[in-house]
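Written out below as structure tokens is the structure these notes cover.
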Amino acid sequence: MGRVRASIHVPALAADAEALWYDTTRWASFVDGFHHVAQLEGDWPHAGARVLWDSSPGGRGRVQERVTAYAAREGQTLAVEDEKIWGTQTVSFTPASDGVVVALELRYELKQKRPGMVLVDLLFIRRPQRESLERTLRRFRTEVAAEREGSI
């Protein structure tokens, strides 16, 4: 199983960052490769809710995310699946003296099982997966900052 992680400091209250993160109408502004929500079921972001979203052309295709755990002011765990992987993605919000640290972790398995896929994963898949998480977090920080500037 592959695992990638990324985190970023966001100069905002954890509650404000969390509210923006869970607002699916805002995902296009920060989720890497996101195009649009195709379907939302249940009480997002609470356990049992599910979202289906489509990526931009050439991306992940249709992505399914089902909430397996949620704790207000702490984070959320999702069962994720797209055309090539299935796994678990966790977001956490850790208050800091001057903001919040937002961390993402993706644990995944490749659907394609062929000899040598472990090496392919290590050499060609993990780095782009990690970079995707990093782009999402950088864009998220920018969105939080824009949100704060707009409310001042």
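Quick caveat, the model's predicted, so the values are computed rather than measured.
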Partners of Ala28 by side-chain contact (heavy atoms from CB on, under 4.5 Å), sequence neighbours excluded?
-> Phe34
Please report, to 0.1 Å, the donor-acceptor pairs under 3.5 Å made by any side chain of residues 93-113, with sequence neighbours excluded.
{"residue": "Asp98", "atom": "OD1", "partner": "His9", "partner atom": "NE2", "Å": "3.0"}
{"residue": "Glu105", "atom": "OE1", "partner": "Arg107", "partner atom": "NE", "Å": "3.0"}
{"residue": "Tyr108", "atom": "OH", "partner": "Asp121", "partner atom": "OD1", "Å": "2.5"}
{"residue": "Glu109", "atom": "OE1", "partner": "Lys113", "partner atom": "NZ", "Å": "3.4"}
{"residue": "Lys111", "atom": "NZ", "partner": "Glu81", "partner atom": "OE2", "Å": "2.7"}
{"residue": "Lys111", "atom": "NZ", "partner": "Asp82", "partner atom": "O", "Å": "2.7"}
{"residue": "Lys113", "atom": "NZ", "partner": "Leu110", "partner atom": "O", "Å": "3.4"}

Please output the side-chain donor-acceptor pairs of residues 45-53 that fall under 3.5 Å, not counting sequence neighbours, one pair per line with the distance.
{"residue": "Arg50", "atom": "NE", "partner": "Glu41", "partner atom": "OE1", "Å": "3.0"}
{"residue": "Arg50", "atom": "NH1", "partner": "Gln64", "partner atom": "OE1", "Å": "2.4"}
{"residue": "Arg50", "atom": "NH2", "partner": "Glu41", "partner atom": "OE1", "Å": "3.4"}
{"residue": "Arg50", "atom": "NH2", "partner": "Glu41", "partner atom": "OE2", "Å": "2.9"}
{"residue": "Trp53", "atom": "NE1", "partner": "Glu65", "partner atom": "OE2", "Å": "3.2"}

Group every Ile, Leu, Val, Met, Phe, Trp and Tyr by side-chain heavy-atom contacts under 4.5 Å, then state whether Ile8 and Leu13 land in the same group.
-> no
Any idea which heavy atoms bring Phe140 and Phe30 closest together, and the distance?
-> N-CB, 3.5 Å
Among pairs that include at least one residue of residues 9-34, which meet salt bridge (Lys or Arg N to Asp or Glu O under 4.0 Å), considering only residues two or more places apart or in two chains?
-> Glu18-Arg73, Arg26-Glu143, Arg26-Glu147, Asp32-Arg135, Asp32-Arg139
Trp44 side chain near Val67 side chain, heavy-atom distance below 4.5 Å | yes
Give the cluster check for Trp86 versus Ile125: same hydrophobic cluster or not, with ILVMFWY residues linked at side-chain heavy-atom distances below 4.5 Å.
-> no
Flag the pair Leu133 / Arg5 as yes when at least one side-chain heavy-atom distance between them is below 4.5 Å, and no otherwise.
-> no
Atom of Tyr22, atom of Trp27 and distance for their closest heavy-atom approach = C-NE1, 4.4 Å
Specify the closest pair of heavy atoms between Arg126 and Val4, including all atoms of both residues, with the distance to one decimal.
-> O-CG1, 3.4 Å
Roughly how far, to the nearest 0.5 Å, is CG of Leu137 from CH2 of Trp21?
-> 5.5 Å
Donor-acceptor pair, side chain of Thr136 and main chain of Ser132, under 3.5 angstrom = yes
Restricting to pairs with a member in residues 83-95, which pass salt bridge (Lys or Arg N to Asp or Glu O under 4.0 Å), not counting sequence neighbours?
-> none
For Thr88, all residues meeting side-chain contact (heavy atoms from CB on, under 4.5 Å), sequence neighbours excluded = Thr77, Thr90
Just jot down the side chain to side chain donor-acceptor pair (under 3.5 Å) partners of His35, sequence neighbours excluded, or say none.
-> none
Salt bridge (Lys or Arg N to Asp or Glu O under 4.0 Å) with Arg130: which residues, sequence neighbours excluded?
-> Glu134
Write down the atom of Ala17, the atom of Val144, and the distance for their closest heavy-atom approach.
-> CA-CG2, 4.5 Å
